[in-house]
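Taking it in order: structure first as structure tokens, then the write-up.
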Amino acid sequence: MKVLVTGGAGFIGSHTVVELVNAGYSPVIVDNFSNSEKSVLQGLKNILGFDVPFYEFDCNDFNKLKEVVEAEKIEGIIHFAAYKAVGESVQNPLKYYRNNLGSMITVLEVMKEAGVKNLVFSSSCTVYGQPDHIPVTEETPKKKAESPYGNTKAIGEDILEDVIKSGEKMDIIALRYFNPIGAHPTAEIGELPNGVPSNLVPFITQTAIGKREQLTVFGDDYDTPDGSNIRDFIHVVDLAKAHVSALELLKSKSGNTYDVFNLGTGEGNSVLELINTFEKVNDLKLNYKIGPRRPGDVVKIYGDVAKAGKILNWKTQKSLDESLADAWRWEQKLKNN
Ligand code: WQD
């Protein structure tokens with residue numbers, strides 16, 4: 001089955017391309033490299049042993065997208081392509097609404113025209129905002145997103161639901177990621193933050209390698225056991241495998257369905273626990289200090305992942321230790337290159 005992977009040169013997209021091939025699928029990448037690097041394609045070749053077909057253009061370009069979908073006889077699409085910097089989205093909301101919603105709508109319009117019926121959408125636990133109860137299930141009510149980025153994911157899900165309600169002959173799954181971390185065990189692909197990382201783990205590894213002076217922990221006075229925020233940190237390879245499981249499920253669907261799955265470990269770890277684990281696993285001391293809270297941060301959230309276990313027949317295999325060892329190996333590889 002030929003699967004179009006939009007944003008396939010990105011962090012989660014590239015790891016998903018590997019797992020698609022491992023599962024016997026034929027991925028085709030579309031990426032405009034606005035938030036990824038072409039070197040990822042070489043990393044994929046080093047892992048897979050062949051050049052993954054790719055096209056360089058913006059997913060908002062209906063004609064180009066339709067042309068590729070028809071030429072490559074695409075039967076399924078995994079839509080990752082989106083801007084994802086929470087802070088930037090607050091400064092520049094229109095850039096996020098235009099790109100993230102525009103590309104989603106274009107993908108759906110091309111699917112309608114070309115008769116593609118399977119879609120997996122990259123959503124986010126950010127749609128839950130600060131939940132009243134944790135762990136969150138897929139039935140936990142969505143809350144006003146903390147950022148325009150998060151809102152593009154929430155609105156994206158609403159668009160998908162409305163398209164299915166209109167009777168379109170499509171089967172669609174939205175996957176709500178918690179906090180993806182780590183890198184491929186080969187250290188051939190991993191996270192490539194644009195500029196100063198806003199996410200925790202890349203900032204930790206860049207501090208440990210000496211690229212950043214010091215990590216600031218954004219607050220240790222929260223209502224949690226050690227005072228720091230709690231998150232559900234999931235290995236990116238586990239996350240990638242869930243996309244294959246989602247495609248498998250779509251193949252068995254009837255042609256007008258929409259469903260949502262939480263993708264997490266089902267466990268919460270605090271920021272300070274993660275730092276301590278990173279130091280232990282990699283046998284090093286991290287230079288960090290406690291600083292003020294970051295506006296918009298959710299105090300604690302982690303996923304109830306029973307539904308993905310039951311219906312997708314998927315659950316995480318990798319530990320936090322493995323995620324942090326793989327993240328560190330990747331940072332060291334980057335330095336050597
Ligand atoms: C995690 C924790 C910070 C950096 C966001 C998006 C989510 C997804 C992942 C895109 C928080 C703390 C962080 C630092 C710190 N985005 N932290 N010092 O905010 O949970 O989720 O990124 O796909 O949709 O909402 O991730 O890694 O930024 O923060 O103390 O230098 O680490 O306060 O508690 P977050 P994060």
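Quick note: residue numbers are just sequence positions, from 1. In each ligand, atom 1 is the first atom listed, and ligand 1 is the first ligand listed.
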Identify the protein heavy atom lying closest to [atom], giving its residue, its atom name and the separation to 0.1 Å.
atom                    : answer
atom 7 (C) of ligand 1  : S124 OG, 4.0 Å
atom 27 (O) of ligand 1 : L200 N, 2.8 Å
atom 19 (O) of ligand 1 : R294 NH2, 3.0 Å
atom 2 (C) of ligand 1  : V271 CG2, 3.8 Å
atom 20 (O) of ligand 1 : R231 NE, 2.6 Å
atom 8 (C) of ligand 1  : Y149 OH, 4.5 Å
atom 30 (O) of ligand 1 : F218 N, 2.9 Å
atom 33 (O) of ligand 1 : D297 OD2, 2.6 Å

Is F203 close to ligand 1, meaning an N/O of one under 3.5 Å from an N/O of the other? no

Decide whether an N or O pair under 3.5 Å exists between N179 and ligand 1. yes

Positive for side-chain contact (heavy atoms from CB on, under 4.5 Å) with V5, one of L20, V120, V28: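 Result for side-chain contact (heavy atoms from CB on, under 4.5 Å) with V5: L20.
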
Any carboxylate oxygen within less than 4.0 angstrom of a Lys/Arg side-chain nitrogen, looking at E67 and K64?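 Salt bridge: no.
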
Salt bridge check: are D238 and K241 linked by an N-O gap of less than 4.0 Å? no

Check the pair K112, E109 against salt bridge (charged side-chain N to carboxylate O under 4.0 Å, His left out), reporting the backbone distance first and the verdict last. CA-CA 5 Å; K112 273 183 71 165; E109 287 172 335; over 6 Å; no

Test of understanding: given a 4.0 Å heavy-atom threshold, classify the contact between [X] and ligand 1 as side chain, backbone, both, or neither.
X    : answer
N199 : both
K153 : neither
P180 : neither
V86  : side chain
V298 : neither

Do side-chain atoms of K45 reach the backbone of V52 as a donor and acceptor pair under 3.5 angstrom?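 No.
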
Check: N60 side chain, S103 main-chain N or O, donor-acceptor pair, under 3.5 Å: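 Flag set: sc N60 to bb S103 pair under 3.5 Å.
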
Flag this pair as yes if the NZ/CZ of K2 is under 6.0 angstrom from the six-membered ring centre of Y25 and inside a 45 degree cone about the axis; otherwise no.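 Not flagged: K2 not positioned over aromatic ring of Y25.
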
May I ask you to check if R176 and F261 form a cation-pi contact, with NZ or CZ under 6.0 angstrom from the six-membered ring centre and within 45° of the axis? no

Heavy atoms, side chains only, cut-off 4.5 Å: are N118 and I77 in contact?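 SC-SC contact between N118 and I77 ruled out.
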
Within a 6.0 Å radius of atom CD on E139, are there more than 12 heavy atoms belonging to other residues, nucleotides or ligands?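 More than 12 heavy atoms, drawn from other residues, nucleotides or ligands, come within 6.0 Å of this atom.
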
F278 vs W328 aromatic rings, parallel, tilted or perpendicular, using cut-offs 30° and 60°?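 Because their plane-to-plane angle is over 60°, the rings of F278 and W328 count as perpendicular.
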
Which atoms of ligand 1 are found less than 4.0 Å from any heavy atom of V217? 30 (O)

Short list, please: which atoms of ligand 1 are under 4.0 Å from a heavy atom of N229?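 Answer, ordered by atom number: 11 (C), 33 (O), 34 (O).
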
Is the closest heavy-atom distance from Y177 to ligand 1 below 4.0 Å? no

